[in-house]
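Step one of this worksheet: look at the structure below.
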Amino acid sequence: MKMTDLFTKTTKTVPADEAARNARLLIQAGFIHKEMAGVYAYLPLGLRVLEKIKQIVREEMDSIGGQEVMMTTLQPRDIWEKTNRWDDSVVDNWFKTALKNGTELGVGLTHEEPIVDALSAYVNSYKDLPVLVYQIQNKFRNELRAQAGLLRGREFVMKDMYSFARTQAEHDALYERIAEAYGRVYQRLGIGDITYRTKADGGYFTERFSDEYQTISDIGEDTVYVDEAKKLAINKEVYTDENLAKLGITKADLVEKHAVEVGNIFPLETKYTDALSVYYTDETGAQRSIIMGCYGIGISRLMGVLAEHFSDDKGLAWPESVAPFRVHLVRLGESPEVVKQADELYSSLTAHGISILYDNRNIRPGEKFADADLIGIPHRLVVSDKTVQAGSYEYKLRTSDAVQQLQSDALLKLLGAK
RNA sequence: CGGGGAUUGGCGCAGUUGGCUAGCGCGCCGCGUUUGGGACGCGGAGGCCGGAGGUUCGAGUCCUCUAUCCCCGACCA
């Protein structure tokens, strides 16, 4: 992508009404556009990051047998009444709307009810289970207060997965497999070291804990107690002597931290399947309840968390796995030789399957370097009169000050070109 | 929803006790000089001051209502 063609621009000043670091940086660098409080549009650079995150999640969910679907945003009232979640006094952050004829509709905030409702059409026998389905979709929640940029919005992107099992043992095995997949997702996103599986409240209908994935960050709304050696944490909401004993955690090993909930996995037992009368018939012909679990990952929230974490005083600094482009090519000067060499490098790397943001603008070097630092693409290349004379390219990592001169073949090798 | 702060060209801001054609910086357009860490000169374009109503000879400045945004809190199956 040539920067002269890019839809967005960077700005030196950021909107005064954004306080959260993630929103300030992402807006300044042209990744997102604020539509209203808690509602952000994704611009070309931001969308690339969002899609990279989605793809990692997708690959990990697929690897454990998840099947991707896409449920609807518009929701019928009746299935939510069956589980007693339609009433605003029960779930107060619904967005609701209506058909012209007055029929009330909900705007999807989660999808337990519709997925179970759909399941009833396809699952009758023990032979049809277990099932693992997921979707990546916009969710709408009428939060009283949106805050912290992408971390708490009213419209946001979420991956939600649902498991359906025949027995508790089968459910537990699935649950652990999914937990492992979650661990791999955070690892690949580069926040594995600061993201803890955290024991939290399982909800009023179960004695079990749920598991949250909490990324340590000062901006986090949650307070967790971390056992760094065991790589485990416990949410403040269930931080009691009784629970610590149950979990085999010693108070002395725990450190209090602020964290952002970047995922959660929940045992739902048979609450929703029973409420919607979806059962299966076992080998003996008996009707049995289906054990359900749900598993969320906040995709857009993760983008905010990554922006918070992978940034410095100059701007963003994306990890390779989610960077909008791999290489930021900076061309200094307009001389025919420089233009020729930069254009050729752009074509050559593109032909090798390496994604590049090419700064071909006719502006001063300082602005180009500042923009490169702000946008935060991992690898930076410079083509200038100097490099033309030297017959090499200048290479630098966003996260390092070391500058190297590289020949074309060494460069291709470094970038892992085929 | 309670408390606090805010709303003036695309962005960041200033506008004295109400007073003439609403300013500044950045950005934008044109010309020229520049070109390895956000250059400079000259010349331009762009706002009726969130919205509605009111007070007044006169309102960006005062009053009422209202919308929106930010922060703290409450809330967040």
Side-chain angles (χ1 to χ4, degrees), chain A residues 8-20 23-24 27-30 33-40 80 83-95 106 108-113 139-149 151-154 156 158 160 200-206 210 212 219-222 235 237 260-261 264 266-269 271-272 275 292 294 296 298 301 313-315 330-335 338-339 359 361-375 380-390 393-394 396 401 403 405:
Chain A
T8 56
K9 287 187 219 184
T10 59
T11 62
K12 275 197 244 185
T13 51
V14 290
D17 61 6
E18 284 287 1
R24 291 175 73 89
I27 289 171
Q28 205 182 342
H33 175 77
K34 183 180 206 160
E35 196 63 33
M36 54 179 146
V39 180
Y40 296 86
W80 295 88
T83 60
N84 190 33
R85 292 213 291 177
W86 178 257
D87 197 318
D88 286 347
S89 67
V90 179
V91 177
D92 64 3
N93 59 356
W94 267 110
F95 278 108
L109 80 171
T110 182
H111 283 79
E112 284 84 2
E113 283 81 351
K139 294 279 190 275
F140 300 85
R141 294 188 188 176
N142 205 342
E143 302 286 354
L144 285 173
R145 182 183 162 200
Q147 55 188 320
L151 301 188
R152 179 170 293 284
R154 297 196 168 96
F156 56 96
M158 184 166 166
D160 45 321
D201 188 16
Y204 64 90
F205 59 87
T206 176
S210 68
E212 293 173 343
I219 200 176
E221 305 176 297
D222 290 1
N235 194 304
E237 64 191 16
V260 180
E261 185 183 341
N264 60 36
F266 256 93
L268 296 177
E269 303 189 342
K271 175 182 159 75
Y272 295 100
M292 182 175 180
C294 77
R301 176 181 281 183
D313 56 347
K314 289 179 177 169
V330 176
R331 188 186 77 204
L332 300 185
E334 298 283 303
S335 73
V338 167
V339 171
D359 194 346
R361 298 174 298 173
N362 183 16
I363 58 173
R364 297 174 64 83
E367 291 183 66
K368 295 199 172 195
F369 290 134
D371 275 351
D373 288 339
L374 177 60
I375 292 168
R380 189 185 82 186
L381 289 171
V382 175
V383 171
S384 66
D385 287 323
K386 278 192 210 171
T387 67
V388 168
Q389 278 171 26
Y393 303 107
E394 182 181 302
K396 178 187 164 304
D401 289 330
V403 175
Q405 305 299 327

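The basis for the numbers below is simple: all heavy atoms, side chains too, and nothing from hydrogens, waters or symmetry mates. By convention in this document, chain letters (A, B, ...) are assigned in the order of the sequence lines, proteins followed by strands, and residues within each chain are numbered from 1.
Between Lys314(A) and Val14(A), the one whose closest nucleotide on RNA chain B sits nearer the 5' end is Val14(A).
Scanning for ring pair (Phe, Tyr, Trp, His ring centres under 6.0 Å) contacts around Trp80(A) gives Trp94(A), with sequence neighbours left out. Shown here are the side chain to side chain donor-acceptor pair (under 3.5 Å) partners of Arg141(A), two or more places apart in sequence or in another chain: there are none. Ala370(A) pairs by the side-chain contact (heavy atoms from CB on, under 4.5 Å) definition with nothing, not counting sequence neighbours. Considering only residues two or more places apart in sequence or on other chains, Asn362(A) meets the side chain to side chain donor-acceptor pair (under 3.5 Å) condition with none of them.
When the C1' atom is used for both C1(B) and C75(B), the distance is 9 Å, rounded to whole Å. Across the P atoms, G60(B) and C49(B) are found 7 Å apart, a figure rounded to whole Å. Here, U7(B) and G12(B) have their P atoms 11 Å apart, quoted to the whole Å. Nucleotides C71(B) and U55(B), compared at atom P, are 39 Å apart to the nearest Å. As rounded to the nearest Å, C24(B) and U17(B) have P atoms that lie 22 Å from one another. The P atoms of G5(B) and C62(B) are separated by 15 Å, rounded to the nearest whole Å. Taking atom C1' on both nucleotides, G10(B) is separated from C42(B) by 24 Å, rounded to a whole Å. Spacing between A59(B) and G54(B) at atom P, rounded to whole Å, works out to 12 Å.
For A39(B), one of the phosphate oxygens OP1 or OP2 lies less than 4.0 angstrom from a side-chain nitrogen or oxygen of Arg364(A).
Taking atom CD1 of residue Ile363(A) and atom P of nucleotide C26(B), one finds them 16 Å apart after rounding to whole Å. The NZ-C1' distance, from Lys386(A) to G37(B), rounds to 11 Å in whole Å. What separates NE2 of His111(A) from P of A77(B) is a distance of 17 Å, to the nearest Å. What separates CG of Asp371(A) from C1' of G27(B) is a distance of 13 Å, to the nearest Å. With rounding to whole Å, Lys12(A) atom NZ is found 8 Å from C26(B) atom P. Distance CG (Leu268(A)) to C1' (A77(B)): 10 Å, rounded to an integer number of Å. As a whole-Å value, the separation of Arg361(A) CZ from C28(B) C1' is 15 Å. Remark: C1' of C29(B) and CG of Asn362(A) are 16 Å apart, rounded to the nearest angstrom.
Contact annotation for Val382(A): base contact, defined as any heavy-atom pair under 4.0 Å involving a base atom.
Checked by atom type and distance alone, the side chain of Glu35(A) never pairs as donor or acceptor with a backbone atom of Tyr40(A) at under 3.5 Å. Arg301(A) contributes a side-chain N or O that, together with a main-chain N or O of Glu261(A), makes up a donor-acceptor pair within less than 3.5 Å. The closest donor-acceptor contact from the side chain of Arg154(A) to the backbone of Glu143(A) lies under 3.5 Å. Side-chain N or O atoms of Thr10(A) include none that pairs as donor or acceptor with a backbone N or O of Gln28(A) at under 3.5 Å.
Taking a pair as Watson-Crick or G-U wobble with both distances under 3.5 Å, RNA chain B forms stems of 3 or more consecutive pairs at B:1-7 with B:67-73, B:10-13 with B:23-26, B:28-33 with B:39-44, B:50-54 with B:62-66.
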- Task: Kindly determine whether Leu332(A) and Val382(A) satisfy side chain to side chain contact (heavy atoms under 4.5 Å, CB included), including the steps that lead there.
- Result: CA-CA 7 Å; Leu332(A) 300 185; Val382(A) 175; 3.9 Å; yes

- Message: Show, in sequence, the C-alpha distance, side-chain angles and deciding distance for Arg85(A) and Glu112(A), and conclude whether the salt bridge (charged side-chain N to carboxylate O under 4.0 Å, His left out) test is met.
- Response: CA-CA 11 Å; Arg85(A) 292 213 291 177; Glu112(A) 284 84 2; 3.0 Å; yes

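Judged by atom type and distance alone, Arg380(A) reaches the base of G37(B) through a side-chain donor-acceptor pair under 3.5 Å.
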- Query: Along nucleotides 68-76 of chain B, 5' to 3', which nucleotides get a B, which get an S, and which get a -, given that the test is a protein heavy-atom distance under 4.0 Å?
  - Reply: -SSBBBBSB

